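Following: one structure in structure tokens, then a few remarks.
Every chain is numbered from 1, with letters handed out A, B, ... down the list of sequences. Remember, predicted model here, so these are calculated numbers, not experimental data.
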There are 2 protein chains.
Amino acid sequence: MSADRLSQVFSALADPTRRDMVARLAAGDATVNELAGPYDVSVQAVSKHLKVLEDAGLVSRSREAQRRPVHLEAEVFDLMTKWIERYRREAEERYRRLDAVLRQMEQPTDQHDEGRPGQEGTAS
Amino acid sequence: MSADRLSQVFSALADPTRRDMVARLAAGDATVNELAGPYDVSVQAVSKHLKVLEDAGLVSRSREAQRRPVHLEAEVFDLMTKWIERYRREAEERYRRLDAVLRQMEQPTDQHDEGRPGQEGTAS
DNA sequence: GGCGTTGTCAACCCATTGGTTGAACAACCT
DNA sequence: AGGTTGTTCAACCAATGGGTTGACAACGCC
């Protein structure tokens with residue numbers, strides 16, 4: 001249990017049904033039964049999905065009479081976005097650098113290049 | 001096999017080891033053995049992880065003699081970012097609207113309501 | 001040719017997951 | 001108190017996932 005938050009969040013969203021629930025919750029809170037409507041699975045299964053989303057911090061449940069309205073928590077999304085953007089930026093930057101190097105190598109300048117900006121010790 | 005792309009990507013990144021690989025690949029291409037270095041799992045396990053990343057489109061492998069350098073593909077990240085940002089924005093907007101409604105309800109103004117509490121330029 | 005290196009494939013193990021059904025709990029309404 | 005509605009708990013089952021080991025393909029280097 002209790003893997004790190006990021007793993008939980010990614011894992012939770014790896015399921016299409018759960019992603020769909022999130023999509024619908026983005027439009028407004030809903031109860032378990034309301035959420036269960038469209039899918040042809042038992043209410044218990046939906047309840048389980050919600051537990052996964054809740055454990056990941058993507059969703060919270062309040063109490064309102066005998067109902068438990070489910071509410072989408074937007075904050076956790078930032079965690080993912082930050083992670084993704086970080087490495088995407090790095091990768092793209094590296095790509096740009098590589099591209100520059102390639103362009104330079106194509107130039108028939110007789111200047112000896114020795115830049116080799118690459119990764120020499122990437123794997124420790 | 002072959003779940004939708006988004007599921008594959010999220011699922012691939014739900015594993016800390018794989019996320020770590022991506023992080024290291026963002027700094028530069030690497031071979032399977034180089035990648036395997038830090039982890040105390042077999043090379044075969046690493047190879048499996050790479051297959052998952054590759055199937056998800058996060059990574060590509062070229063051929064270079066008997067080595068198979070692994071390269072991070074930045075594009076797929078956009079898919080995730082788009083999905084995430086969409087619902088995050090929706091959720092946040094809804095929250096802002098709700099907030100506005102609540103504030104309005106608190107105000108004891110006997111102004112006739114006029115339906116939808118939509119966006120009336122509540123540039124907060 | 002033979003040999004070490006690099007990586008993948010195949011079979012297997014065990015823990016986790018998504019689904020099921022049936023029972024239980026919780027809060028309301030008479 | 002008894003009934004109804006909404007939700008969760010418990011036990012179970014089949015499928016998946018991450019790990020292992022062992023065999024083997026492809027290639028470069030003596």
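- A close approach under 4.0 Å does occur between a side-chain nitrogen or oxygen of B:Ser47 and OP1 or OP2 of C:dT8.
- Following rounding to the nearest Å, A:Arg18 (CZ) and C:dT17 (P) show an atom-to-atom distance of 9 Å.
- Per the geometry, CZ belonging to A:Arg68 stands 10 Å off C1' belonging to C:dA26, to the nearest Å.
- The phosphate of D:dT8 has OP1 or OP2 within less than 4.0 Å of a side-chain N or O from A:Arg61.
- Between the NZ atom of A:Lys51 and the C1' atom of C:dT17 there is a distance of 14 Å, given to the nearest Å.
- Ion pairing between B:Lys51 and B:Glu54 fails under the 4.0 Å rule for side-chain N and carboxylate O.
- Per the geometry, CG belonging to B:Asp55 stands 15 Å off C1' belonging to D:dG18, to the nearest Å.
- Distance from the side chain of B:Val41 is smallest for D:dG19 among the nucleotides C:dA27, D:dG19, C:dG19.
- At a threshold of 4.0 Å, the pair B:Asp29-B:Arg67 does not count as salt-bridged, since none of the basic side-chain nitrogens sits closer than that to a carboxylate oxygen.
- A straight line from CG of A:Asn33 to P of D:dG6 spans 6 Å, rounded to a whole angstrom.
- For the pair A:Leu50 CG and D:dC9 P, the computed distance is 12 Å after rounding to whole Å.
- Taking the six-membered ring for Trp and thresholds of 30 and 60 degrees, B:Phe10 and B:Trp83 have ring planes more than 60 degrees apart, a perpendicular arrangement.
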